[in-house]
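Because only heavy atoms are used, hydrogens play no part in the values below, and waters and symmetry mates are left out as well, while side chains stay in. On a predicted model such as this, the values are computed, not experimentally measured, just so you know. First the proteins, then the strands, lettered A, B, ... as listed; each starts at 1.
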Protein chains: 2
Amino acid sequence: MHNCTTHSDCIAEALHRAEEICDKRDLRFTDVRRKVLELVWQSHGPIKAYDILDQLDQRIAAIKPPTVYRALDFLTENGLVHKINSLNAFVGCSHPLRHRECYFLICSDCGEAKECCNLDIVDAVAKTSSRNRFEIKHVTLEITGECGDCRGVH
Amino acid sequence: MHNCTTHSDCIAEALHRAEEICDKRDLRFTDVRRKVLELVWQSHGPIKAYDILDQLDQRIAAIKPPTVYRALDFLTENGLVHKINSLNAFVGCSHPLRHRECYFLICSDCGEAKECCNLDIVDAVAKTSSRNRFEIKHVTLEITGECGDCRGVH
DNA sequence: AACGGAATGTTATATTATAACATAACCATG
DNA sequence: CATGGTTATGTTATAATATAACATTCCGTT
Ligand SMILES: [Zn+2]
Ligand SMILES: [Zn+2]
Ligand SMILES: [Zn+2]
Ligand SMILES: [Zn+2]
């Protein structure tokens with residue numbers, strides 16, 4: 001499902017990046033927020049809010065939905081996590097500083113959501129928006145289909 | 001919110017187009033499906049499943065959620081309606097025959113979801129997908145922001 | 001009329017998300 | 001280090017969205 005070399009490093013790096021970003025921006029990277037982000041990265045793929053909740057419950061007593069959703073809101077607002085609307089799931093952003101230019105290739109077979117960037121798409125979206133006198137706040141681009149691995153293509 | 005000249009005509013046309021398409025494809029454009037599509041077009045903008053349900057209830061006794069969702073599934077699968085995931089809402093497709101190339105400009109102020117087509121975007125998406133050896137089944141592009149009218153731009 | 005498949009009805013429940021208010025932690029400032 | 005304002009979390013309840021599972025009806029074909 002993902003091909004990071006050492007996944008524990010991959011999680012640690014994501015947490016470290018988040019810490020730095022929050023530091024720089026004077027945001028509070030609290031315990032709850034850190035733990036939620038850690039679980040998101042642990043899955044290293046789309047994870048549902050209630051699955052996070054379940055996994056937290058095992059570690060911390062009595063975490064409730066609002067706590068998880070608040071943490072996810074914080075992480076999403078600050079570009080550390082993406083919400084994938086077509087899955088009602090959340091995934092860690094792998095480059096939080098260029099967070100607005102991302103889109104996803106979502107394999108309906110293996111469930112991977114590959115985060116990509118592409119200037120042509122960003123340009124085309126920007127142009128068509130301005131032609132329509134539309135001021136962009138947020139772009140969601142979710143491409144669903146089947147990935148090469150699942151199709152056996154090489 | 002929308003600028004069709006005569007909205008009753010606009011609804012009638014949409015229903016007529018749907019009828020033709022279903023005819024051609026040997027699909028059953030049943031009463032429930034017609035009524036749901038009619039309500040979607042009546043709103044002429046994103047409408048929620050349970051709002052459709054409420055409005056149906058006033059006309060038909062005891063319509064239940066599964067009935068509405070089934071009709072919406074049918075209409076979505078056959079390109080007559082789009083689901084807008086970021087709103088959990090549904091909107092009529094204004095050109096069902098070219099249904100796959102659409103995207104939406106969604107104004108968070110007035111709530112309009114303008115359906116657009118743009119070949120540059122379609123191309124860029126197709127290219128990046130094939131570069132990633134990814135076979136597209138479905139593309140969701142939802143651009144949220146503020147429309148020109150709401151910003152007072154002319 | 002009898003059959004088979006598709007659509008709808010029905011009951012119940014799963015899943016996703018938020019409102020509203022109480023408490024606790026944090027942090028600037030005196 | 002007390003005080004007060006702000007931000008975050010805890011807590012309870014419920015809202016909003018969506019589907020499972022099974023029964024019945026409808027509809028075209030034979
Ligand atoms: Zn990893
Ligand atoms: Zn795959
Ligand atoms: Zn209209
Ligand atoms: Zn607007």
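- Taking every side-chain heavy atom of Thr30(A) into account, dT9(D) is the closest of dT9(D), dG9(C), dA18(D).
- In the hydrophobic clustering of ILVMFWY residues, with side-chain heavy atoms under 4.5 Å counting as a link, Trp41(B) and Leu53(B) come out together.
- Whole-Å rounding puts the Asp73(A) CG to dA8(D) P distance at 12 Å.
- Of the candidates dA17(C), dT17(D), dA20(C), the closest approach to any side-chain atom of Lys83(A) belongs to dA17(C).
- Across the protein-nucleic acid pair, Phe29(B) atom CZ and dC27(D) atom P stand 15 Å apart, rounded to whole Å.
- Nearest nucleotide to the Lys64(B) side chain, out of dT11(C), dC22(D), dA18(D): dT11(C).
- The side chain of Lys48(B) places no N or O atom within less than 4.0 Å of a non-bridging phosphate oxygen (OP1 or OP2) of dA16(D).
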* Criterion side chain to side chain contact (heavy atoms under 4.5 Å, CB included) on Ser86(B) and Ile106(B), from CA distance to verdict -> CA-CA 10 Å; Ser86(B) 55; Ile106(B) 303 163; 3.9 Å; yes
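- Comparing dA17(C), dA18(D), dT11(D) by their closest approach to the side chain of Asn88(B) singles out dA18(D).
- When rounded to the nearest whole Å, the span between CG of Leu53(A) and P of dT15(C) equals 13 Å.
- Here dT11(D) is the nucleotide among dA18(D), dT10(C), dT11(D) with the atom lying nearest to any side-chain atom of Pro66(A).
- Between Arg33(B) and dT8(C) there is a side-chain N or O to OP1 or OP2 distance below 4.0 Å.
- Going from atom CG of Asp26(A) over to atom C1' of dC27(C) covers 12 Å, rounded to whole Å.
- With rounding to whole Å, Leu75(A) atom CG is found 13 Å from dA8(D) atom C1'.
- Between Thr67(A) and dA8(D) there is no side-chain N or O to OP1 or OP2 distance below 4.0 Å.
- Between the side chain of His7(A) and the backbone N or O of His44(A) there is no donor-acceptor pair closer than 3.5 Å.
- Here dT9(D) presents its P atom at 13 Å from CZ of Arg34(A), a figure rounded to the nearest Å.
- With rounding to whole Å, Asn85(B) atom CG is found 11 Å from dA17(C) atom P.
- At a cut-off of 3.5 angstrom, the base of dA18(D) holds at least one donor-acceptor pair with the side chain of Tyr50(B).
- If you check the side chains of Thr140(B) and Tyr103(B), you find no donor sitting under 3.5 Å from an acceptor.
- Classification of Lys35(B) and Asp31(B) as a salt-bridged pair holds, one side-chain N sitting under 4.0 Å from a carboxylate O.
- Each end of the helix from dA1(C)-dT30(D) to dG30(C)-dC1(D) gets its own rotation axis from five pairs of C1' atoms, and the angle between them is 20° to the nearest 10 degrees.
- A donor-acceptor contact closer than 3.5 angstrom is absent between the side chains of Asn88(B) and Lys48(B).
- In this structure, Asp54(B) places its CG atom 13 Å from C1' of dA15(D), rounding to the nearest Å.
- At the phosphate of dT18(C), neither OP1 nor OP2 sits under 4.0 Å from any side-chain N or O atom of Tyr69(A).
- For Phe104(B), the ring-ring contact (aromatic ring centres under 6.0 Å, His included) test picks out His82(B), with sequence neighbours left out.
- The side chain of Ile63(B) approaches dG9(C) more closely than any other nucleotide in the set dA17(C), dG9(C), dT10(C).
- Considering only residues two or more places apart in sequence or on other chains, Arg34(A) meets the salt bridge (Lys or Arg N to Asp or Glu O under 4.0 Å) condition with Glu19(A).
- Between the side chain of Arg28(B) and the base of dG28(D), no donor-acceptor pair of N or O atoms lies under 3.5 Å.
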